[in-house]
Peer 1: 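Dumping the structure here so I can ask a few things about it.
Below, chain A is the first sequence line, B the second, and so on; all start at residue 1.
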Amino acid sequence: MISGAVFGSVGRYLKSLGRGAASALRAVRTSAPYLVGWGEHRKEITEQYPDPVSSRTEDDLPPRTRGLLFNDIERCTGCLACAKVCPVNCIEIQNEPGPDAEKKWVAVFNIDFSTCIFCGLCVESCQPTSLIHTKQYEGSVYRLTDLKVGFGRGHVTQEQRDKWETLRKSQDFVF
Amino acid sequence: MTWQELWGKVLGFPTGTPEFILAAAVLLMIFVLCVFPAAAFLSLVDRKLSADVQARVGPNRAGRWGVFQPLADLMKLLQKEPARAAGWREGFWLGVLTVCLYSTAAALPLGSSLILVNTGSSPLLVFWVITALSVCLMFLGYNQNSVPGWFSGTRLAAQSLSGAFPALLSVLCVGLWAGGFEWTRIAAAQGADPAHWAIVRDPFLLLAFAVFMAGGLVVLSVPPLGSGFSLSDIKGGVASGFHGRKIAFFHLGRFYGLFLWSVIAVVCFCGAWNLPTSLSQAVENSDYGILGVKMIEPLVTIVKAAFLMLFTMLFARVMPALRSDQVTDFAWKVLSPIALVALLGTGLWTLWGGA
Amino acid sequence: MRPGFVQSAERLERLPTDLTHWEIGPFHPAVPGPLKLRLTLDGEIIAKLSYETGFAFRALEKRFEMRPWRSGLPYADRLDPETAIFGQVAYCLAAESLMGLETPKRAQQVRAVLCELARISAHFRGFVQVAKSVAADTFMHYALRDREKILDLFELITGARFTLNFLRFGGVAQDVTEGFLERVADVCDLLRARMKEYNDLFSFNDAFLGRVCGTGIVTQEVAIKHGLTGPNARGAGLSLDVRKAHPYLVYGQTDFEVPLGRGEFGVTGDVHDRFLVRLREILQSIEIVKQVCESMADGPHQLLGPMDPLPTRAGEGFSRVESPRGLLACYVASDGGNGPARVQFVPPSVAALSALPELAQGACLEDLPVILASLDLSVAEVDR
């Protein structure tokens, strides 16, 4: 009847109020322990950077971290595998015949870090493992041109090239 | 001792200075010494507290524990250029809003001798101001001449009026119980001991206190009851058109509103500025005399109000926000009936001689 | 002055009562990416919504054709950078079906573990969007904090946090590191405990329910009409999951449930149902990860080395994967050359976006961010 309807709806009304208040209190109860940092998993997770330096120094990063690239030019054979596989064509290599007939002289080995996407395909394809990822991640510079990093040995003079050609020819006679 | 004599002596004005000069000087002092530092301090506490609850650290660069962060924020905001030139209309409504909001400092019940206007309509001044504020906010929103402005202006006006009504009823309850509406009378009807607070002496006043705080959340548009003062335009924020200096004043106004509301709640329901008699007698008998008692009273009020504000801020950070039409529904369909019940109950309680 | 803004004295300080137009975007905090929304509003009820995409067009599919096979792998990651691995899984499976490569069991399991961890991470991101739209800052920060644990796991095994670039044709790039599987188990236990905290704080909170129950209702008809898949369709009650319908990797051998929306607190297919479906999917993903980690097979992690020639041939390959947003399909065509001739992705966000106008019609303006967040759109995916 009408009174039943009124009491029913009043009851529902009060129950919904109670539910609202209860859920509000539950929210406060769940998050209040964070104020005092009660429990290991309620500690603050902010990492300070750069001063004091956070836990993410190079030594703390995992070994496989794909940071800035570095090429050990002594071991590099100039096989161009990294330049061929790079998705964004950011590796520029110029080879020359060197003093040793078996090893090329890598005159220019530039990596343009403004284009590099740090995908790691070049490191994976490097057979002599001269190209590696360092764990260095702070690569900001003040000038855009500074982002092009060169690892090459540099072009040599024509005089030097002639000397090397003589050297290589002499190696052909070595048995 | 009237407040004119007290403050005339404290501030060093000669006797006989016109009252309005004294009033202006006291108002200025309240602002500079009380409201601005409180707002700055509380903005930092709000950020640190909400960071704490969210497992973060919060500001910690500007000074140890970020104590100079409010100063840094203020300096940053003051140096910003407005994105678009404000018309004279916007300036007009902002001016009216500022005048209305800070005129409540005249009736701010900080201590028994700090109230400039101690009449029976002092508590009601706040509610008059809220109606004026809703008009100002509405026109501020309309002046942006854009969909978010229209939407937020109308919504905020509706929301503040819907929250003011049950809050007004709660204050009526208190006046009914205390036998008058002067702040001093309301404070005198309570005592320092929590057993003598209004909410303990009359159970319907506990209900009225809950309604008053909830109404405050609605008027000030604090989550969970509204996010109308958010800076985002799609959430119906009237502040989305504000930049730079206006945001600084906007935040100051918000904190002042919360501060005012908490102080009124403390005075009406939680024992006002009453000191335990032993303490007040000890101070009176010491060198500071009655002046010392009058100085300690605002401190008591402010500390109690600060607790209320901190709990409100914490609660706001943890809960999601309702939509503005849900908020007005809540105010009219939940808070107002409960406020009426509280009013009726307080009337009957007082009539039949409750404690 | 904003462009297109006409300041006339008659319009000022007056509330227009006819239909008004408003453009949101392309950059706006409520919108999950560069997307333009054109609204026609009747007061605060949305009468019509239309959208414009293309602001994030990168010609991604063309880039595949311009490079050799292996060089295209990082591009697949960048289809949707937040659910990066699924783009790569789709591309690799399609290419492997074209080349006739059969990945070793261990590689498939590692792929599955990473996929499920990425699913959990993507669902956390979805929660962040929903929490931001209802102004629940605390829950948002908790979800982000827990997503960091998964990103740390990714960094441990692959070296990167988001665009992993870990899959290769015929397997995965490297084997799991020592102790990785134990770390995964620890993170799974931690996440299970956190779920309880989330439910206490947010999932059934009255204020949250008030915002999300009964809004943005996706009925089964709407879902089928627009081709919705994933949690958007499962929230409406449609049981569509590629992992069950067309099992790939090791999903055929793992035991897990597919949660469906049941309208427990509102209407079936509303925002809350989609939220609950994503919440429960996280628990199911934890189950899958635990099962696969415990039964990890021995064997090679890759069929071919990085310099081995690929058995390319002319032909087509096709794959379907279940990404956190829905069904992601990839089509690869080759003419036997150095690289693919055509790569096409069919991302799930396109269907969700096409359903948006119908969902938004009749909704309050303030509900629009909530509906947008619940659809879990990725504009990068839509525009490619």
Peer 1: Are more than 12 heavy atoms from other residues, nucleotides or ligands located less than 6.0 Å from atom NZ of A/K148?
Peer 2: no
Peer 1: Is it the backbone or the side chain of C/A173 that comes under 4.5 Å from a heavy atom of chain A, or both, or neither?
Peer 2: both
Peer 1: For C/F202, is it the side chain, the backbone, both or neither that has a heavy atom under 4.5 Å from a heavy atom of chain A?
Peer 2: neither
Peer 1: Please classify the contact of A/F118 with chain C as side chain, backbone, both or neither, using a heavy-atom distance under 4.5 Å.
Peer 2: neither
Peer 1: Measure the OH-CD distance between A/Y34 and C/E197 for me, rounded to the nearest 0.5 Å.
Peer 2: 3.5 Å
Peer 1: Drop me the distance from A/C119's SG to C/R78's CZ, to the nearest 0.5 angstrom.
Peer 2: 7.0 Å
Peer 1: Can you say whether C/R67 sits under 4.5 Å from chain A via the side chain, the backbone, both, or neither, judging by heavy atoms?
Peer 2: side chain
Peer 1: Side chain from CB out, backbone as N, CA, C, O: work out which of these in C/Y75 comes under 4.5 Å of a heavy atom of chain A, or both, or neither.
Peer 2: side chain
Peer 1: Given the options A/A22, A/C86, A/S16, which has more heavy-atom pairs under 4.5 Å with chain C than any of the others?
Peer 2: A/C86
Peer 1: Does atom CD (A/E159) have a neighbourhood of more than 12 heavy atoms from anything else shown, all under 6.0 Å?
Peer 2: no
Peer 1: Do the side chains of C/R70 and A/E124 get close enough for a salt bridge, i.e. N-O under 4.0 angstrom?
Peer 2: no
Peer 1: Closest heavy-atom contact between A/S23 and C/F204?
Peer 2: CB-O, 4.5 Å
Peer 1: What is the distance from atom CD1 of A/I45 to atom NZ of C/K149, rounded to the nearest 0.5 Å?
Peer 2: 6.5 Å
Peer 1: Hey, which of C/L190, C/L209, C/T138, C/T158 has the most heavy atom pairs under 4.5 Å with chain A?
Peer 2: C/T158
Peer 1: Quick check for you: to the nearest 0.5 Å, what is the distance between A/R66 atom CZ and C/T163 atom OG1?
Peer 2: 6.5 Å
Peer 1: Identify which part of A/I117 has an atom lying under 4.5 Å from any heavy atom of chain C, answering side chain, backbone, both or neither.
Peer 2: both
Peer 1: Surrounding CZ of A/R26 (heavy atoms of other residues, nucleotides or ligands, distance under 6.0 Å), is the total greater than 12?
Peer 2: yes
Peer 1: Specify the closest pair of heavy atoms between C/D200 and A/T30, including all atoms of both residues, with the distance to one decimal.
Peer 2: CB-OG1, 3.4 Å
Peer 1: As an exercise, state the distance from OG1 of A/T46 to CZ of C/R145, rounded to the nearest 0.5 Å.
Peer 2: 11.0 Å
Peer 1: Between C/N165 and A/G120, what is the shortest heavy-atom contact and its length?
Peer 2: ND2-N, 4.4 Å
Peer 1: So which atom in C/S71 and which in A/L121 form the shortest heavy-atom distance, rounded to 0.1 Å?
Peer 2: CA-CD1, 4.1 Å
Peer 1: Using every non-hydrogen atom in the two residues, find where C/V176 and A/R64 come nearest and quote the distance to one decimal.
Peer 2: C-NH2, 4.1 Å
Peer 1: Is chain A contacted by the side chain of C/Y142, its backbone, both, or neither, given a heavy-atom distance below 4.5 Å?
Peer 2: side chain
Peer 1: Shortest non-hydrogen contact from A/A27 to C/N205?
Peer 2: CB-ND2, 3.8 Å
Peer 1: Just wondering, more than 12 heavy atoms not from C/K62 lying within 6.0 Å of its NZ?
Peer 2: no
